[in-house]
Every structure is written in C-alpha cells, then in structure tokens.
Amino acid sequence: MNRYDPLKIEQKWQAKWEADKAFKATEIDNKPKMFLAEMFPYPSGAGLHVGHVRNFTIVDILTRFYAQQGLNVLRPFGYDTFGLPAENYAIKTGTAPQAVTKTNTDNFRKQAKRLGYYIDWSREINTSDPEYYKWTQWCFLQLYKKGLAYQKESYQWWCPVDQTVLANEQVENGKCWRCGHEVEKKKMKQWFFCITEYADELLDNIDSLEWPERIKTMQKNWIGRSVGAEIDFKVKNGRKITVFTTRPDTIKGATFMVVAPEYSGLDALLTDDTRDAVLKYKQTALKKSEIERQENKDKTGVFTGSYAINPATKTEIPIWVADYVLASYGTGAIMAVPAMDDRDREFAERFNLPIVETELVDRDLYGTPKTTYRMRDWLISRQRYWGCPIPIAYDKAGNPHPIPEDQLPVTLPEIKDYQPDQSGRSALAKATDWLKVKLFNEDTGEMEEMTRETDTLDGYACSSWYLWRYASPHDRQAAWDPEAIKYWEPLDYYIGGDHAVAHLLYVRFWCKFFADEGYLPFREPVKRLLYNGYINAPDGKKMSKSKGNVIDPLDVINDGYGADTLRTYEMFIGPYEMDAVWDPRSVGGVYRFLNRCWTLCNDFCESKTNSNVSSRSSAARQRESKRAVPVATGDGDAGREENSTIRHQTIKKVTTDIHKYQFNTAVAALMEYVNELYKSGATQDDLITLAKLLKPFAPHLASEMLEHLDANDAWPTWDNQYLTSDTVTVVVQVNGKLRATLTVDAAALDDEQKIIDLALAEPKIQKYTTSGIKKTIFIKKAKLLNLVV
RNA sequence: GGGCGAAUGGCGGAAUUGGUAGACGCGUUGGACUCAAAAUCCAAUGGUAGCAAUACCAUGAGGGUUCGAUUCCCUCUUCGCCCACCA
C-alpha cells in the first residue's frame, strides 16, 4: 500500500505544471473570460507569510473553480517592488535595491510555485522594471497634460526619519505608516494628483460596487463630502474673508469668526497691538505635532485685532485665530455659531464671546452653494531614491518641463550612496551626470540644459494601473493594449486584506481619468472585491519577528504536511473575511482529512487491481477483510444508491459554498462526504467527484487521485432528483419544544391531517396533550408540526 | 464624540426570507491494532440530575413580538474596526 506522501506528489505535479505551462491564459478567446488577481505583494526578504497564503489561496480556489468549469481564466502575478524597506536596506548595507529586489522576487516566485498556485507566469510584472515604469511615467504625463498633475507649495506631512513627505493616507494617528515616527508639518513645493476633481464620481459610484460594505463605508468617510455654502464676510479694512459652512441658515447666530493659524490672509488682519501675540501663537501651533493636537483638545486661540460685518445682522464681530480651524479644509476660515456648534460654543465660553440664539434663515440668502470634501489632493512626491522617477526637468528659471514621451523611460541611475542629501532631497540629487538633460524649451524656443526632478513617485502611483498592464504585460507600444483590455477587463475578482482606502481609491481615480481620455472602456476597475482577514499567532497576538511568534508557511510545508494541507487548513480556519488564530493542532486535522481522501482512492485502485487477480492468497484476503475502509465495487453494489444522495448533496454544497466564498464550510462538506464514504464504501463515481471538488483546495493530491482514477477535472453538476429521498423526518413540537420526530413517506407531507394523526398517536406526544390541543401549526417546508396546548 | 460590526461547548467555528442549536475540525475519554510506540481505525463527548428511558437548563445580560427567537425589535455590557476640532 502507498502511503500519502504529499512532498513527493507535490513535487511531481509542480514539475509537470511547469513543463506544460499549464496555467497560461488563452490570449483572446470566444470563451467567456474570468480575470482574477490578488493585491500584488511587496516582496520582503522574509518571503511569503501565512497572510499571503490565505490571500493567494482564496484567489487560487476561485481561479481553479472557474477553470474547471471551462472558462478562460486569467490569473497573473506581480510585485510591488519600489519602496522604503529595500532602500533602507541599501543605505545600511550598500547593496543596490535592484539586487535586493531581484533576490526577493526570485524567492517569492519560488515559494508561490511551491504552493501550487494557478498562475500564468508569462504575465509576471514588476513595478521597478524600467519596461514597466516607463509606462508609469507615461501615465504621469497624461495627467500632467490635463493639468491633473501639478505643483503646489504648502504645509505637508514630513517624516524626519524617512526624510520624505507623506500623503494624508500614509499618516496613521499622526505617525509615519512605515517607520512609526511622529510626522511634522513642513512647507514644501510638491507634486500632486488632482484626485478631488473626481471626488463626486468616486463617491457616487461606490454604491454600485460589489464590494464589502465596510470598505465602501471607509471610502465614503474618506472622501467626506459636505454640502453647504461659501459666504463672504466684509472686514473693516476693506478686505473680505470667505468661509465655508454646512449651515448657512444659522448665519444670524454667527457672533465671531475664526481663521486657521496657516490662513493666508492672516497678516493683513493684524494690528500693532496684536501682531506679536498672534505670530507667537502661529509658531506654537505649527510646531504642535498631530499627536499633541489629538491629545489636547482644549481650545486655544488669540484675537487678531480685526472685525468683520455679519451680512445678516450687520453687526460687527471679532476675528480670532485658533488651531481648531484647519487651513486645509474649506477656506481655512469659519463663521462661528456658538449657539449651534459644540466647538464654537466651547471656544466662546473659554474666551467670553457672545452666544446668541439664532432663528434660521433661507439657506441661499447670503451665500453661494458650495460642496467641499475631506479628501485632499494626492501628494505624490517622495524625496527618496528607490521609486519611479518623475519625468520632469526644470529650466534655468525653475519652470517644469515634461520629458517627451519618446524619451521614456527616465531610468534610475546606479549610484553608490543611497543616503538622502541633507537638504530634503533624495540621493538622486547627488547623481550629477544624470541630473543634466538637454530639452527643447518651448518658452524660449531653444534647446537648453535642464535639471531633472529628483523626487520620485509615491509607490501607490505604480500600483494604480498594474491591473490593466496584466492584460498585455509585455506590450512595448503602449501601457496596455485596447483589444486585450476589451476582452479581459475590468477585473472580475480582486482579493486582498490591506489598502482599503488609499490604493483602492487611487485605482478608481486613474480608471475614471483614463476612461475620460478614451484609453479605457469602463469607469470602475474592480467588479468584485473580497477582503480577507488577518491570521494571528497561536498566542492570539499579531505575528511579529520581535515577538518570535511567526508561523512560516514554508516550515509547515517542509515539516511534511505539504502545500495541500497548508492551503486547505487556511481555508478551513474560519470565514475568509474574519481574523483567525493559527492552531498548529488543527493543521494536523486537515492533514488527516487529506490522508483519508488518499487512502480511499488508493484502496479502491488496489482492490480493483486485486479483483482481477484470481489467485489471491487467503492471507491477503484476510488482511484485507480486517481493513476498516470498505470499498464498494460494481454497479450492483448496495451502497451505491445511498451514496448518490450524499454525492449530489456534496456537489451542491461545495459549489454553492464557493459561490458564496464560504470556503470553510465547503471543506467541512468534503470532510462529511469522506466520513460517509468510509462508512458505506466508495464507488469510482464517488472518488472522482471527491477529487474534482477537492482540486481547488488541494490541487496536487486531487490531480494525483484523478490520474489514478483515469478521469478529467471537469467540475461536476448535481441532479436534484438525487436530493429528494422517499422518507422524511418530521419534527413534532409541543408549544415550540421538540418532543418527538416522525419518519414518514415524503408523500405524507402533503397530508397535514395524516401527520397530525400520526403525531397524536405517539405516546411521547400524548403525555403533553392531555389537556387538549388549541391549535396546530404545520410548516411543510421545515417538515415541522407544532401543537399548541 | 460619531459610524459600522461582533459575542454560540474546553477551543476554532456551523446553522438566520424565524422552524430539530452546536455541522466539521481540534482537544479529551474509552476501545481495536502493536512486544511497544507512532500512525491508522472504531466509539463517546454542551451543562445539571439519573443505572436508564428521560427531564430541566443553555447562543454576552435584561425586556418585547411570536405557536415557535442564535435569527426580528428595544435597553445595556464587553470586544473589534473605521472616522474624529472636517465647520
């Protein structure tokens, strides 16, 4: 007898898949397509972790499920390789990020193959490959041409450790998302993408997406649309202050105004008496870290010395400066209505400002309707080396000029010292030869030596279009091929457990932009999004190197469990969208299940061979009769009809569960099936069905079984006629409590009176019905009778 | 402070257009096989009482609707996530 040897089986099939290029998608086909992808990983030096395996396995199950159903499936793979970890490693060790990236992607590829994933390896992409980032730069230039990539000088989040600015989305609780250090505000000229241009559409389309509600809500919160009005307040010195408010109807209660410390018109409001105090306040406010602002919400502020006229009441109201008003939201100035707004009231009470009850006026009486958003434009400059160079150069006057498209890519120069220079610029500033570029200056009409931009693009820019690159990953003529796009896109399934807001918002933004430019025939890039939960360590805590509680998936495989057990276990661990805790002992349970599948198949094949040999020794026969696993053979076998029911039940359960992404209960159904086959004996049909249903989860073992059984992997279908049985169990309740069950012919369900009579004939029921029956309730669908006494 | 979600045996989790609560797995206990162990196989396994049939209790707590509630409604507790001085 052959033991289940996962390592041997998996090696065999992985070699075969590799040699056959088994998972290559058909380019463009008449067949219906199915395009699936995980959120491509950042290939760290540590290799795949169990979270990757959970994510990739969900994609793999759906991919294989649809492949077995005969669809033309595309499941490519890629690496998000630009970013700080590789660069910081380069600074520390002097190893080029290019080399580190090569090592890490090679390792990721090897490990993904070791897990048996259905990946079209001919479509691998890598964001730091010049062939790829050439087109990232092309995308930038399209946005630039339309004025949606622009430069602006303003206060930005700056991480002093990583020496770079950060997008709003990359500041978490006042700290850098990468290194965790507190961020500061720094006034800098930076590049932005004008995502706010699409704010309304990004918000309005959310409801139409087949995405988890949680993610949709997070995106809505992030965009944060407020509908209100802008109102001009005349200042006594002849200027005006425009405020944004969602409650223009409360204007009569506006008893003072407040501007942010960074408010651009602040200086003009100051008087000689107030100037020193206000400037001192401004300085303190700018130095305050985000953390400090969050911890101390006591209102602070100072009077500017100026007054404005409330256009509704015509009264003079004082203008204050306070840091509870944000420069970056609305106009950076507010009308304060302490009678209506808690923050204004708190401020008024703190500084003894008047609070007057207000009667409401018509919303449009004093202002013009205006909508603002919480979302800001996307800051894309990074003062780092290991990123996609921004294809811009500056002339002598400092004006930016785009690098012509035919000169792309602007490749990263190879350098020796990756440390950013101390002036707040990336290490690229030190690549003196690379910095110089001769370009035609359209302003002067002459060729001119210009200086390249030394900022690189936020990594999120590189991942904002890779889903379209997958359609034609090696296209040298264009970022993506319109014909391939038309066939494959949009993405049918996108699966991940991170990037709920930033990445998923950016991809949607670029999609709408390129749709407007005529490059994409759709406005939403991702039809269905699945968001899987984390896997925590056996101690219930988050896995981390420092805590020493990391489970390495490759260790699990190499300990002898194999990839099939690892994959199936991670699906069985719980609902895919919930966080889960790794339980080493439960891994063994899944291994036992696969072992039982193997044993059933192996015993069946052996007994089939043996039954053709008439000269079996009686000892061999005796040995066999002691074996606990019965094997049903031949069409006339008694177990056959019985198995048809559970076989078809299992097909239905597994198929519908996969459609509902309930992978854990699909595995449970397969376990039940195997348990039943152990009891009643397995026919060839049973085993083929089992292998086919098992294949998305444990593809190596299932392939081996199908080979032994001489069968293909076409997804089985169920026949409803096998799902009904001749007899049914009817539940009999008294006052809603289970008191007895009846076994009756299925036909009897149509005869309510007969069921009642049968129930009343039961001694167990009679015990409870001596006082007479008030009412009977029979639910045919639930096969349930309730007697009310 | 606002929003969303969750709470079921010793553990992970099943089951909801309201209809047999605890599928499946882990763990535990007993047994078979073995010189022995591992592996494998079989059986039992929510709690309390009982030899048993069985009875009562039980889905975070308390109310409500209903013939019937893990499922629907109200109040509360705890935990998780998101947003948070956004005018």
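In what follows, chains carry the letters A, B, and so on, assigned in the order in which the sequence lines appear, proteins first and then strands, with residues in each chain numbered from 1.
- One atom, CE of A:M578, and another, C1' of B:U8, lie 12 Å apart when rounded to the nearest Å.
- Closest approach to the A:R739 side chain among B:A43, B:A55, B:C85 is made by B:A55 (side chain taken as heavy atoms from C-beta onward).
- Looking at A:Y329 and A:T372, their side chains do bring a donor and an acceptor atom within 3.5 Å of each other.
- For the residue pair A:T300/A:Y281, the side-chain donor-acceptor check at 3.5 Å is satisfied.
- Within the cation-pi definition used here (under 6.0 Å to the ring centroid, within 45° of the axis), A:R214 does not qualify as a partner of A:Y531.
- Only A:K775, A:I777, A:I779, A:K781, A:A782, A:L784, A:N786, A:V788, listed by number, bring a heavy atom of residues 772-789 of chain A to less than 4.0 angstrom from any atom of RNA chain B.
- A straight line from CD of A:E230 to P of B:A87 spans 14 Å, rounded to a whole angstrom.
- Around the NZ atom of A:K542, the shell of radius 6.0 Å holds no more than 12 heavy atoms that belong to other residues, nucleotides or ligands.
- As rounded to the nearest Å, B:A15 and B:C83 have C1' atoms that lie 34 Å from one another.
- Both A:P575 and A:D344 lie close to RNA chain B; mapped to their nearest nucleotides by heavy-atom distance, the more 5′-ward contact belongs to A:P575.
- Distance, A:I206 CD1 to B:G3 P: 19 Å, rounded to whole Å.
- A donor and an acceptor atom, one from each side chain of A:N735 and A:Y768, are nowhere located under 3.5 Å apart.
- B:G9 and B:G22: their P atoms are spaced 14 Å apart (whole Å).
- For B:C41, one of the phosphate oxygens OP1 or OP2 lies less than 4.0 angstrom from a side-chain nitrogen or oxygen of A:Y678.
- Looking at the side chain of A:T246, the nearest of the listed nucleotides B:A87, B:C83, B:U40 is B:A87.
- The side-chain hydrogen bond (donor to acceptor under 3.5 Å, both in side chains) search around A:W211 returns none, not counting sequence neighbours.
- Applying the side-chain contact (heavy atoms from CB on, under 4.5 Å) criterion to A:A746, with sequence neighbours excluded, gives A:V728.
- Remark: A:K216 NZ is packed, more than 12 non-hydrogen atoms of other residues, nucleotides or ligands lying under 6.0 Å away.
- Counting any heavy atom pair closer than 4.0 Å across all strands shown, A:Q662 reaches sugar-phosphate atoms only and no base atom.
- Taking the C1' atom of each, B:G62 and B:G13 are spaced 27 Å apart, rounded to whole Å.
- Stem analysis of RNA chain B (at least three stacked-register Watson-Crick or G-U pairs, each with both distances under 3.5 Å) gives B:1-7 with B:77-83, B:10-12 with B:24-26, B:27-32 with B:40-45, B:46-49 with B:54-57, B:60-64 with B:72-76.
- For A:Y561, the ring pair (Phe, Tyr, Trp, His ring centres under 6.0 Å) criterion is met by A:Y591, not counting sequence neighbours.
- A distance-only check finds a donor-acceptor pair linking the side chain of A:T250 to the backbone of A:R247 [under 3.5 Å].
- The distance between atom CH2 of A:W598 and atom C1' of B:C41, rounded to the nearest whole Å, is 19 Å.
- Rounded to whole angstrom, the span from the CG atom of A:D342 across to the P atom of B:G1 amounts to 12 Å.
- Distances shown here put every side-chain N or O of A:K660 at or beyond 4.0 Å from the OP1 or OP2 atom of B:A14.
- Nucleic acid contact for A:S226: sugar-phosphate only, since backbone atoms but no base atoms lie under 4.0 Å from a heavy atom of the residue.
- Side-chain N/O atoms of A:S328 and A:R376 include a donor and acceptor closer than 3.5 Å.
- Shown here, B:G31 is classed anti by the O4'-C1'-N9-C4 or O4'-C1'-N1-C2 angle, which is more than 90° from 0.
- Distance A:K737 NZ to B:A58 C1': 11 Å, rounded to the nearest Å.
- Comparing the P positions of B:C4 and B:A14 gives an interatomic distance of 24 Å, to the nearest angstrom.
- Other residues, nucleotides and ligands contribute more than 12 heavy atoms inside 6.0 Å of the NZ atom of A:K282.
- Both the sub-6.0 Å distance and the 45° axial angle are not jointly satisfied by A:K299 relative to the ring of A:F347.
- One can place CD of A:E570 at 14 Å from C1' of B:G12, the figure rounded to the nearest angstrom.
- Comparing the C1' positions of B:C57 and B:A6 gives an interatomic distance of 25 Å, to the nearest angstrom.
- The nearest heavy atom of RNA chain B to A:A327 and to A:D579 marks one nucleotide each, and the one closer to the 5' end goes with A:D579.
- A cation-pi contact, defined as under 6.0 Å to the ring centre and within 45° of the axis, is absent between A:K370 and A:F244.
- Rounded to whole Å, the separation between the P atoms of B:A44 and B:C26 comes to 15 Å.
- Here the side chain of A:Y324 is nearest to one of B:C85, B:A84, B:A39, namely B:C85.
- The distance from atom CG of A:D539 to atom P of B:C11 is 18 Å, rounded to the nearest whole Å.
- Side chain of A:V325, nearest nucleotide from B:U54, B:U20, B:A87: B:A87.
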- Note on the structure: Its contact letters, B for base, S for sugar-phosphate only and - for none at protein heavy atoms under 4.0 Å, make nucleotides 21-32 of chain B read --BBSSS-----

